[in-house]
Amino acid sequence: MTRSLPLAFVLLFVLVSARCISSTEQSAAPIHTAPAPPSPVATIIPATPPPPLTQVATVAVTSTVTLSTVTTPQPTTLALLTDSALRALIQDAKNKLDQLKDSDKADTIVISLHTPDNCEMKKSRELGYLIDANTGETFFVKGDYWSIDSDLFVRNMKAGHSYVILHTHPKMWTTCRGEGIMSLNTFSLADLAVASNLTERGYHIQKVIAVSDFDYEIYPKIGDDWRTKEEVYKGVDHIERFMEVKFSTYDPYLDRTFYDVDNLMPLLAKELNYTYTANHVVLA
């Protein structure tokens, strides 16, 4: 059943519903672009200073990633951290990201849009950690609003090493005339495509973690078996045809398709032979 929404509400939903770890290959639902609001008035939300980081990568956000020659990852011969040591590093990174995701470290702002609907929007930059599962080195990265460029992780990575990638999906909301909408929480389809791209470039991605309302984790049941962008979207198409349910919405104003990933991801993980958890509860 289709329900009509006010045009201003639909446009604002589009502004906040798309987020991802971006790569050079743009998915059908890139999450890192949004029209700039007219004449914003920004108010910084104060927060406590960020906790100490194991190692900080001081890098600038890049709009594109220059891909190196694609290589097939070989089975790693490097020693891995023990499970307990890696879990401790992951939990420490999760705790820090949870504290930082809506703070001034994430450049969190509330902007007032000078429109007849008297709209306000809160948004934060995506933050992330890269954990080397061989050496234990941890790198902090700071992305953009609604996106974090994969190159911010890549410049700290070494071919043949194994990694865990964490990034935030901070709460971003919009209110107009007392009505509000909040962004989706779990992985974007572009997040999955980035993991495949990094695998093709010779890195071993153990899992990808999103820190939002819950801690979401996803990883292939078979090591390095991350599916390509084409396989991910074929999986979505198969689910929609089989269930006769649309998990995507086309926006004619931006000529883009957006996905209901919160409801889609458990089904898609099964389709791709991935393990998918939310707060350590296995959903696929």
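The figures here come from the full heavy-atom set of this structure, side chains too, leaving out hydrogens, waters and symmetry mates.
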**OP:** Check step by step if side chain to side chain donor-acceptor pair (under 3.5 Å) holds for Gln99 and Asn95.
**Re:** CA-CA 6 Å; Gln99 295 174 11; Asn95 293 341; over 6 Å; no

Original post:
Should Phe140 and Leu127 count as side-chain neighbours, where that means a heavy-atom distance under 4.5 Å?
Top reply: yes

Original post:
Which residues satisfy the side chain to side chain donor-acceptor pair (under 3.5 Å) test with Tyr276, sequence neighbours excluded?
Top reply: Thr186

Original post:
What distance separates Leu268 CG from Ile239 CD1, expressed to the nearest 0.5 Å?
Top reply: 5.0 Å

Original post:
Heavy atoms, side chains only, cut-off 4.5 Å: are Val154 and Tyr203 in contact?
Top reply: yes

Subject >> Exercise: identify the closest heavy-atom pair between Asn134 and Ala79 >> reply: ND2-O, 3.1 Å

Original post:
Considering residues at least two apart in sequence or located in another chain, which fulfil the salt bridge (Lys or Arg N to Asp or Glu O under 4.0 Å) criterion with Asp98?
Top reply: Lys101

**OP:** Specify the closest pair of heavy atoms between Pro266 and Asp262, including all atoms of both residues, with the distance to one decimal.
**Re:** CD-O, 3.7 Å

Original post:
Do Leu166 and Ile131 have side-chain heavy atoms sitting under 4.5 Å apart?
Top reply: yes

Original post:
Is Met265 reachable from Val282 through a run of hydrophobic residues whose side-chain heavy atoms are each under 4.5 Å from the next?
Top reply: no

Original post:
Under 4.5 Å between any side-chain heavy atoms of Tyr163 and Asp132, yes or no?
Top reply: yes

**OP:** Determine whether more than 12 heavy atoms belonging to other residues, nucleotides or ligands lie under 6.0 Å from atom NZ of Lys234.
**Re:** no

Original post:
Who passes salt bridge (Lys or Arg N to Asp or Glu O under 4.0 Å) against Glu231, sequence neighbours left out?
Top reply: none

Original post:
Listed by chain and number, what are the side chain to side chain donor-acceptor pair (under 3.5 Å) partners of Glu271, not counting sequence neighbours?
Top reply: His238

**OP:** Sorted by first residue and then second, give each salt bridge (Lys or Arg N to Asp or Glu O under 4.0 Å) pair with at least one member in residues 204-214; sequence neighbours left out.
**Re:** Lys207-Glu217

**OP:** Taking atom NZ of Lys94 as the centre, report whether more than 12 heavy atoms of other residues, nucleotides or ligands fall under 6.0 Å from it.
**Re:** yes

Original post:
With a 4.5 Å heavy-atom cut-off, do Trp226 and Leu198 have their side chains touching?
Top reply: no

**OP:** Measure across Tyr274 and Pro220 and return the closest heavy-atom pair with its distance rounded to 0.1 Å.
**Re:** CD2-CA, 3.6 Å

Subject >> Any side-chain heavy-atom pair of Leu130 and Val141 under 4.5 Å >> reply: no

Subject >> Sequence-distant partners of Asp225, salt bridge (Lys or Arg N to Asp or Glu O under 4.0 Å), two or more places apart >> reply: Arg227

**OP:** Of all the heavy-atom pairs spanning Phe247 and Leu267, show the shortest one and how long it is.
**Re:** CZ-CD1, 3.7 Å

Original post:
Does the side chain of Val208 come within less than 4.5 Å of His167's, by heavy atoms?
Top reply: yes

